[in-house]
Amino acid sequence: MVALSAFAASFGLMAGYYALQFLWKKVRYTKPCQRGIDPVGEAEVFLAYGRTRDAVRVLKDSLRDNPDDLPAKVTLLRAYSSECNREAYCLLARDVQSQVQDQPVWHTIQENGRRLAPQDPLFEIKL
C-alpha cells in the first residue's frame, strides 16, 4: 500500500512537471518573424536536429500569417513525412500539387507520398 501511494505521488509530481514545462513553452513562444528569423530556415534547423514537432509548430504558425507561402508548405510536407503523418501529408500535397506539379520537388513529394500512402492515386507514377 505504501509503495502504491509513493508511486501515485511520484506520478503526480512527474505529470505536474511536464504540464508546467508544456505551458512554459507556450507562454514564452515568440514567432520567428517577430524575432527577425526566417520561419522556414528555423524549421529546417529543427528538422536537421530531429525536432519535428517544433518545426511543424513554426511552419503552421507561419502559414497562419501567410497562407500562400509555398516554401513553408513544402517544408511542412517534409516535416509531416518525417513524423509519418499520412493524413496531413496527403491533404497538404493536394493543396500544393497545382503549384509544384511541373517542378522537381513534386517528384520528391510523390516519392514520400508513395511511402506514406501507397494506395493514394495522387502519388501514382504517370508514364
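Just so it is clear, the structure is predicted and the values come from calculations on it, not from any experiment.
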Where [X] and [Y] come nearest, the two heavy atoms and their spacing:
X: Leu122; Y: Asp120; answer: N-OD1, 2.9 Å
X: Thr52; Y: Ala79; answer: CG2-O, 3.4 Å
X: Ala93; Y: Trp106; answer: O-CZ3, 3.9 Å
X: Thr75; Y: Ala43; answer: CG2-CB, 4.2 Å
X: Val58; Y: Pro39; answer: CG1-O, 3.5 Å
X: Ser82; Y: Leu47; answer: OG-CD2, 4.5 Å

*Counting distance only, does the side-chain N/O of Asp38 pair as donor-acceptor with the main-chain N or O of Gly41 below 3.5 Å?*
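Such a contact is found between Asp38 side chain and Gly41 backbone.
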
*Does Pro67 offer a backbone N or O that forms a donor-acceptor pair with the side chain of Lys73 under 3.5 Å?*
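Yes, Lys73 side chain to Pro67 backbone: donor-acceptor pair under 3.5 Å.
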
Taking atom [atom1] of [X] and atom [atom2] of [Y], what is their separation to the nearest 0.5 Å?
X: Leu92; Y: Gln97; atom1: CG; atom2: CD; answer: 12.0 Å
X: Leu116; Y: Ser81; atom1: CG; atom2: OG; answer: 5.0 Å
X: Cys90; Y: Phe123; atom1: SG; atom2: CZ; answer: 4.0 Å
X: Asp54; Y: Phe46; atom1: CG; atom2: CZ; answer: 4.5 Å
X: Glu42; Y: Leu59; atom1: CD; atom2: CG; answer: 9.0 Å

*Would you say Val40 and Val45 are hydrophobically clustered, going by side-chain heavy atoms of ILVMFWY under 4.5 Å?*
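No, Val40 does not connect to Val45 through the hydrophobic network.
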
*When clusters are formed by joining ILVMFWY residues with side-chain heavy atoms under 4.5 Å apart, either directly or through shared neighbours, do Leu70 and Tyr80 land in the same one?*
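Yes: a chain of side-chain contacts under 4.5 Å links Leu70 to Tyr80.
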
*Are any of the side-chain heavy atoms of Val56 and Arg53 separated by less than 4.5 Å?*
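Of all side-chain heavy-atom pairs linking Arg53 with Val56, none is under 4.5 Å.
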
*Leu77 pairs by side-chain contact (heavy atoms from CB on, under 4.5 Å) with which of Ile109, Val100, Thr108?*
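Between Leu77 and the candidates, side-chain contact (heavy atoms from CB on, under 4.5 Å) is satisfied uniquely by Ile109.
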
*Is it true that Glu124 and Arg114 make a salt bridge, defined as a side-chain N closer than 4.0 Å to a carboxylate O?*
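The answer is no: the pair does not qualify as a salt bridge.
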
*Arg64/Asp69 salt bridge by N-O under 4.0 Å criterion*: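 Result for this pair is no, no salt bridge flagged.
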
*More than 12 foreign heavy atoms under 6.0 Å from CZ of Arg115: is that the case here?*
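Atom CZ in Arg115 is crowded, with more than 12 foreign heavy atoms closer than 6.0 Å.
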
